[in-house]
Amino acid sequence: MASRKPYFTVLIIPTGIGATIGGYAGDALPVAKAIAQVCDHLITHPNVMNGASLYWWADNIEYVEGYALDKFASGEWGLQPVRQNRIGIIFDQSIEKELLYRHIQVADGIRATLGIEVVDYIITDEAVGVELKIAPSGTSWGTINNQGTLLRAAEKLIREKGVNALAVVARFPDDTGSQTLQNYRYGKGVDALAGAEAIISHLLVRQFQIPCAHSPALSPLPLDISVSPKAVAEELGFTFLPCVLVGLSRAPQYTQSRNPYSFWADDVDSVVIPINACGGSSILSFAAKDVLIIAVEENQTVLDVTPEKLGLSVVRVKSYLEAIGVIVAHRGGISLQSLQPNLPSLFHQNP
Amino acid sequence: MTTHFISAEIDLTANPLTLKQEIEKRLQEEGKPLRWAITAVDEEKQKVKVEAIVTK
């Protein structure tokens, strides 16, 4: 397909808000794969791409951490494609020995089987201390009791090992019986871990301005054959780490200087978002630019922040399949109105 | 440095960029924002409710 310039789409599905598509274990990955077929570059974030033991990689999918995505959308940061990153892993001191060894084996396996450059790991000098919370809106969040230990570990990996991407594995509290967990496993409700995970990676990206993604360390759950296909990717192995290492291996670096290979917010043609989660920083930034925003009705969340309530101008579609059609038309320079069964005439009432 | 959850009400403005700037300005009074989102809109009062995590 000929094009005047590369066509960029951003796919946003915020984490921890119970999105019916993308609220579980990488269950929006097929959406990303499909959209990547009809644009030159798809920019999306770990919540969309991370399926624990399951992952996907494509040359035109850019894996951008959420804080960096907000900075990209606001025009403050650009994205600089790379051949391969040098990944360092930060492990929380609270992770039990056997669980830690399982994670280190993932790093070794990823190096041997996928050729990904994991340079080294470090164990934090103190426990990270993650606490999980649910906000009044019903979305998940959390606190990190010891941010200093994470920042010290990251600085050491960057300074002494020359890493330029960070995987973080924090010990999250085990939950074996709550209704929230049960709902999540059955493909309903909110991911209770997600909000705290975002806080950890946002903190490190804000501080060091390099790609980062988080994977929680948890004890395995008892086998339950009723677990939803949307959530089961997180129950296939001992860790959630493989997808993070794959995503980080080719994640673009963040830059503040323009060059012929860097991408900037002004390059973006379209943004695809859930219909009732329009109040994020990236979406407001893109809404202020000349970008087509496509809001997908069937991706419902626990929020009720629709584009109409915020006065945002969007194209509403029923499904991601329809969104893909809109992108194809937009990329081809075809008016969406022309594809409708009825096209009003341009004649004024009294010509 | 510690993480804190805060919620705030901000006037809804027609320009999304102005709205974003007003939100960030308000959050910076509480700390350094890490993550935030508008989680509800009161159309009658023309206010948005923001939930955020800040560090301070």
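Sequence lines set the chain letters: A, B, ... in the order given, protein chains first and strands last, and positions in each chain run from 1.
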Which atoms of [X] approach chain A - backbone, side chain, both or neither, heavy atom under 4.5 Å:
X	result
Val50(B)	neither
Leu12(B)	side chain
Gln46(B)	neither
Lys32(B)	both

Using a cut-off of under 4.5 Å on heavy-atom pairs, state which of [options] scores highest against chain B.
options	value
Gly142(A), Gly138(A), Ser74(A), Pro136(A)	Pro136(A)
Ala288(A), Ala135(A), Ser137(A)	Ser137(A)
Val302(A), Leu303(A), Ile199(A)	Ile199(A)

| task | Report the residue from Leu312(A), Val314(A), Thr306(A) that forms a side chain to side chain contact (heavy atoms under 4.5 Å, CB included) with Leu310(A). | result | Leu312(A)
| said: Between His45(A) and Phe72(A) (judged by ring centroids, cut-off 6.0 Å), do the two rings come close enough to count as a pair? | reply: no
| query | Relative to chain B, which segment of Leu151(A) carries a heavy atom at a distance below 4.5 Å: side chain, backbone, both, or neither? | reply | side chain
| task | Name the region of Ser313(A), side chain, backbone, both or neither, that has any atom closer than 4.5 Å to a heavy atom of chain B. | result | neither
| query | For Lys188(A), does the NZ atom have more than 12 heavy-atom neighbours from other residues, nucleotides or ligands under 6.0 Å away? | reply | no
| Hey, mind stepping through Gln207(A) and Glu155(A) against side chain to side chain donor-acceptor pair (under 3.5 Å) and telling me if it holds? | CA-CA 10 Å; Gln207(A) 183 74 17; Glu155(A) 194 175 1; over 6 Å; no
| said: Tell me which of these, Leu17(B), Thr2(B), Ile53(B), has more heavy-atom pairs under 4.5 Å with chain A than the rest. | reply: Ile53(B)
| Donor-acceptor contact present, side-chain Asp92(A) to main-chain Val169(A), <3.5 Å | no
| request: Report the relative orientation of the aromatic rings in Phe8(A) and Phe263(A); use parallel for angles under 30°, tilted for 30 to 60°, perpendicular for over 60°. | output: perpendicular
| request: For residues Val168(A) and Ser201(A), determine if any side-chain heavy atom of one lies less than 4.5 Å from a side-chain heavy atom of the other. | output: no
